[in-house]
Amino acid sequence: MLKLALQGMRTRWVTFVGSFIALALGVGLIATTGLALAATFSAPDRGPERFVKAPVVVKTSDLVRVDTPIGERTRTITDPAPVPAAVTAKLAALGRTVEDRTFPVTGRGLGADTVGHPWSVAALTPYALTGGRAPSAPGEAVATGDALRPGARVRAATPRGSEEITVVGTVASAGFENALFFTDAEAARISPDVDAVAVHAPADRVEAAVGAGFDVLTGDERRRADPDPDRDAEALVSVNALLGTAAGVTGFVSVFVVASTFSFAVAQRRREFGLLRTAGATPAQVRRMVFTEAFVIGVLASAAGCSLGAAGAPRLAAWMVDAGIAPAWFRIGEQTWPLHTAFWTGLFVALSGAVVSSWRAGRIGPTEALRESAVDSRAMPVSRWLIGGAVLAAGLGLLALALLDSPADLLKRKTYVTQPMLLIVGFALFAPVLVGPLNRLLTWLPARLPGATAMLARENASAGIRRTAAVAAPVVITVALAASLMGTTATISGAKADEARERITADLVATAGGEGRALPEEFLRRARAVPGVTVSATRSTGVTVLEEGVALVTSEAEAVDPAAHAAVSRPPVVAGRLADLDDDSIVVNEEWLTTEVGDRVSVWLGDGRTADLRIAAVLATGTGDNGVYVTERNAAGAPVDRVDLALPRDGADSAASVLGAAAEATGVQLLTGERWVDAHYPRTSENTRIGLWLILGIALVYTGIALANTQMMATSDRVRDLASLRLTGATKGQVLRLVAVEALVVVAAGAVLGAVIAGVNLLGVWSAIGLLGVWSGVVVPWGTVAAVIGASALLATAASVLPASLALRVRPVELAGMRE
């Protein structure tokens, strides 16, 4: 059987080249994403950055530690307290100390994330002057990098107000921050709180001096005092999620395409198998031959795919860095296990794809060798009906169950990426019985127009139902994925924006221009001095709770004044009253385990303090942006990062003008409520779009391979049909137009089925959003869908017309006399 399989593969190489390419590409993509995934499992080992020259660094502990039945659980708090003056005095008695202060600085010519420090801290990194001199008076600063030169003047806003700053020196950038260094006295005036203290003294003496509640950091542990010490690990989370999703889609599509290709190949070769059965081959021998073919293709394609993956992984990593998806240091490591995984996965996919095909091949009887009809008499066996029905029912059932049980889960990326898969498989399994009626529906009007092209295209597509289904299947996948993924993300983003518009009633919203950056106190003073203006200051913080005794969960929280906030916001309260919020209470949302008004919950506040708070009100879950509310007293250490302003009815224009001048003077961004929502709730983030296009690109490549392979296989078996058309008087151009129209009709049928699947998914997402209390419209990515359908149509047309054109170069009489 091995010799017979190899001889058959050499004779019918067109049948197998598409399967080889699809499988090799699939293994290559799995190997590429696997190698990249392996590189995300650990961030690079980094030493301390800001405090390299500090023997010991002391800061207030920023961890909540809880012993649970399954071990200790820790969670980082959002607003650790400053180092008290009494502690700094004790440390100063042990040896030389340097007090570190970090505060935001904004202004034209400065980076969005610029921070200020005392000049004495610069020597601990160490920063060295590359030009100019050190600051020696108020209003002087040293800048990192080359953006500002000595002598430059900048209007900068700090937490204490806005003033002219003269750059008197520069230091080379250390790569982890944009900074301005002020004199120690000026930094202490701007930010009185001490964030960390560098101590030149033995660590054991330091620990004895500070006692509990403080972190005494030495060696590599000093990195915990760096800005955003977990940024490397956090940067890999989105990369890991993207690559994991891409690998999953690759595996799904590759199995689907390879199985579809083998199935169509077996359907084409029924006369060949019938001759083998006539010659005495048993069903088991025929099945072994099909498996042998799959094994040979699997081994060769998997080996080729691993080579492609090893070459492609570094290029993928470089592209992700250039696109801003991965951090600049992201590189492919030396791991080899992803290549082994990809190879055996490819072989498994090839053999799995041949299972059903080999079973069908073994059932072909000797009489099939006598069949001349090209009409598919039985499009679907009973087993396919049962499997397709079960898969489709499972997909619809899981969607309904999610809507009834946890609609919020449908808004999570892992769910809305994987949810369409079962529906795609279910509809694709029913493709042989669905594409026929669709073809007739789509060609009903064209078939009644003058000319025979549309009528012949309809009849040919209906006669070769297996071929039609094999061509339509990859189009179904691509269109369904494109419309579902892009449509879901756009719909969720639109719902979030609509929810925010419904919640915000403020006339103006002021922010510092960066996420979580503190607003200058000067702006708050000037805003509160404007007659008739209601000022609601918001401090972003976090609240941590122990759920079910084993898990520490941190929720984003906002600290507000209830009375002022009620004038500028309309939160979706489902129980209790926001006005009842006080220093002894908390407002939670429906995702919390405890949601009864009046019940008490034990929490850790943003500064690490524990509190036993009464639930004053409960908010609807919404799309996920309805967080927790506490009072300002329960958000110690959290800066004001947003101010909502309600203007008086009389003199609104005058008040807005005064507020605009205050914002201009202090470097604050002041927007209307509508414009603030537009700025902070974009339809889809750029990284998400890039990631989704990567996934769609994989699906589109597979669609092209499947279309090209299936059309080439089909054309090679239809040369006698094409010759018959020529002999009846059709010109070469008419035959090629017919072939092109057939391809377009099948693509249209696949696009309709894909649109139906996407419609079901988008309906589920829209229903989930509605059940969460937000009624927003469905966003259909018409441009993306049109581009995908257009690409599929172009690929299908080219893959059918080109081989047909080559076949028609032979004289029709010779083609008509050809035999298999």
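Numbers for residues simply follow the sequence, beginning at 1.
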Around atom CD of Gln335, are there more than 12 heavy atoms of other residues, nucleotides or ligands at under 6.0 Å?
yes

Can you list the steps and then say if Thr554 with Val543 is a side chain to side chain contact (heavy atoms under 4.5 Å, CB included)?
CA-CA 5 Å; Thr554 299; Val543 173; over 6 Å; no

Heavy-atom nearest pair, Gly309 first then Leu35, reads O-CD1, 3.8 Å

Under the side-chain hydrogen bond (donor to acceptor under 3.5 Å, both in side chains) test, which residues partner Arg600, sequence neighbours left out?
Asp584, Asp612

Should we say atom CD of Glu334 is surrounded by more than 12 heavy atoms from elsewhere, each under 6.0 Å from it?
no

Taking atom CH2 of Trp604 as the centre, report whether more than 12 heavy atoms of other residues, nucleotides or ligands fall under 6.0 Å from it.
yes

Please identify each residue that fulfils side chain to side chain contact (heavy atoms under 4.5 Å, CB included) with Ala617, with sequence neighbours left out.
Val573, Val587

Least distance between heavy atoms, Thr488 atom then Leu762 atom
N-CD2, 3.5 Å

Keeping Asn761 on the side-chain end and Ile757 on the backbone end, is there a donor-acceptor pair under 3.5 Å?
yes

Quick check: does any side chain N or O of Ser484 sit under 3.5 Å from a backbone N or O of Leu481, one acting as donor and the other as acceptor?
no

Quick one: list whatever passes side chain to side chain contact (heavy atoms under 4.5 Å, CB included) with Arg222, sequence neighbours left out.
Pro48, Val57, Leu217

Could you tell me whether Asp215 and Arg224 make a salt bridge, using a distance below 4.0 angstrom between a side-chain N and a carboxylate O?
yes

With rounding to the nearest 0.5 Å, note down the distance linking CZ in Arg642 to OG in Ser540.
8.5 Å

Is Arg205 salt-bridged to Glu207, cutoff N-O under 4.0 Å?
no

Val83 and Lys59: which non-hydrogen atoms are nearest, and at how many Å?
CG2-CA, 4.0 Å

Listed by chain and number, what are the side chain to side chain contact (heavy atoms under 4.5 Å, CB included) partners of Leu404, not counting sequence neighbours?
none

Quiz question: by atom type and distance under 3.5 Å, do the side chains of Thr631 and Asp583 form a donor-acceptor pair?
yes

With sequence neighbours left out, what residues match Ala611 under side chain to side chain contact (heavy atoms under 4.5 Å, CB included)?
Val603, Leu605, Leu613

Given the rule in the side chain to side chain contact (heavy atoms under 4.5 Å, CB included) test, do Val216 and Val56 qualify, once you have shown the distances and angles that lead to the verdict?
CA-CA 7 Å; Val216 178; Val56 180; 3.5 Å; yes

Residues Asn589 and Thr621: side-chain donor-acceptor under 3.5 angstrom
no

Could you give me the CA-CA distance, side-chain angles and deciding distance for Thr623 and Ile492, then say whether side chain to side chain contact (heavy atoms under 4.5 Å, CB included) is met?
CA-CA 8 Å; Thr623 59; Ile492 293 174; 5.5 Å; no

Answer yes or no: does atom CD of Glu547 have more than 12 heavy-atom neighbours from other residues, nucleotides or ligands under 6.0 Å?
yes

According to the ring-ring contact (aromatic ring centres under 6.0 Å, His included) rule, which pairs have a member within residues 605-634, sequence neighbours left out?
His565-Tyr629

Identify the two heavy atoms, one from Leu94 and one from Val206, that lie closest to each other, and give their separation to 0.1 Å.
CD1-CA, 3.9 Å

Asp67 with Arg73: basic N within carboxylate O range, under 4.0 Å:
no

Salt bridge (charged side-chain N to carboxylate O under 4.0 Å, His left out) partners for Asp195, two or more places apart:
none

Are Arg614 and Asp580 close enough for a salt bridge, meaning some N to O gap below 4.0 Å?
no

Could you tell me whether Arg539 and Glu558 make a salt bridge, using a distance below 4.0 angstrom between a side-chain N and a carboxylate O?
no

In terms of side-chain heavy atoms, does Asp79 have a donor or acceptor partner in Thr541 at a distance below 3.5 Å?
yes

Residue of the set Val210, Val194, Thr60, Val197 for which side chain to side chain contact (heavy atoms under 4.5 Å, CB included) holds with Val87:
Val210

Tightest non-hydrogen contact, residues Asp226 and Glu49, listed as OD2-N, 2.9 Å

My understanding is that only residues two or more places apart in sequence, or in another chain, count here; which of them pass salt bridge (charged side-chain N to carboxylate O under 4.0 Å, His left out) with Asp220?
none

Mind checking salt bridge (charged side-chain N to carboxylate O under 4.0 Å, His left out) for Arg331 and listing every partner two or more places apart, or none if nothing turns up?
none

Side chain to side chain contact (heavy atoms under 4.5 Å, CB included) between Val98 and Phe51: does it pass, once the steps are laid out?
CA-CA 11 Å; Val98 179; Phe51 296 97; over 6 Å; no

Say whether, by atom type as modelled, one donor and one acceptor occur between the side chain of His200 and the main chain of Ala54 under 3.5 angstrom.
no

Do the side chain of Thr33 and the main chain of Ile30 share a donor and acceptor less than 3.5 angstrom apart?
yes

In short, Leu91 meets Thr97 closest at the heavy-atom pair O-CG2, 3.5 Å

Side-chain donor or acceptor of Ser406 paired with backbone N/O of Asp409 under 3.5 Å
no

Between Leu316 and the options Leu29, Val321, Thr32, the side chain to side chain contact (heavy atoms under 4.5 Å, CB included) test singles out Thr32

Look up atom CG in Leu771 and atom CH2 in Trp766, then write down how far apart they are to the nearest 0.5 Å.
9.5 Å

List in chain and number order the residues that pass side-chain hydrogen bond (donor to acceptor under 3.5 Å, both in side chains) with Asn240, two or more places apart in sequence or in another chain; answer none if no residue qualifies.
Thr40

What residues, two or more places apart in sequence or in another chain, satisfy side-chain hydrogen bond (donor to acceptor under 3.5 Å, both in side chains) together with Asn626?
Glu499, Arg503

Heavy-atom neighbours of Arg633 CZ exceed 12 at 6.0 Å
no

Hits for salt bridge (charged side-chain N to carboxylate O under 4.0 Å, His left out) against Asp561, two or more places apart or cross-chain, chain-then-number order -> none

With a sphere of 6.0 Å drawn around CH2 of Trp344, does it hold more than 12 non-hydrogen atoms of other residues, nucleotides or ligands?
no

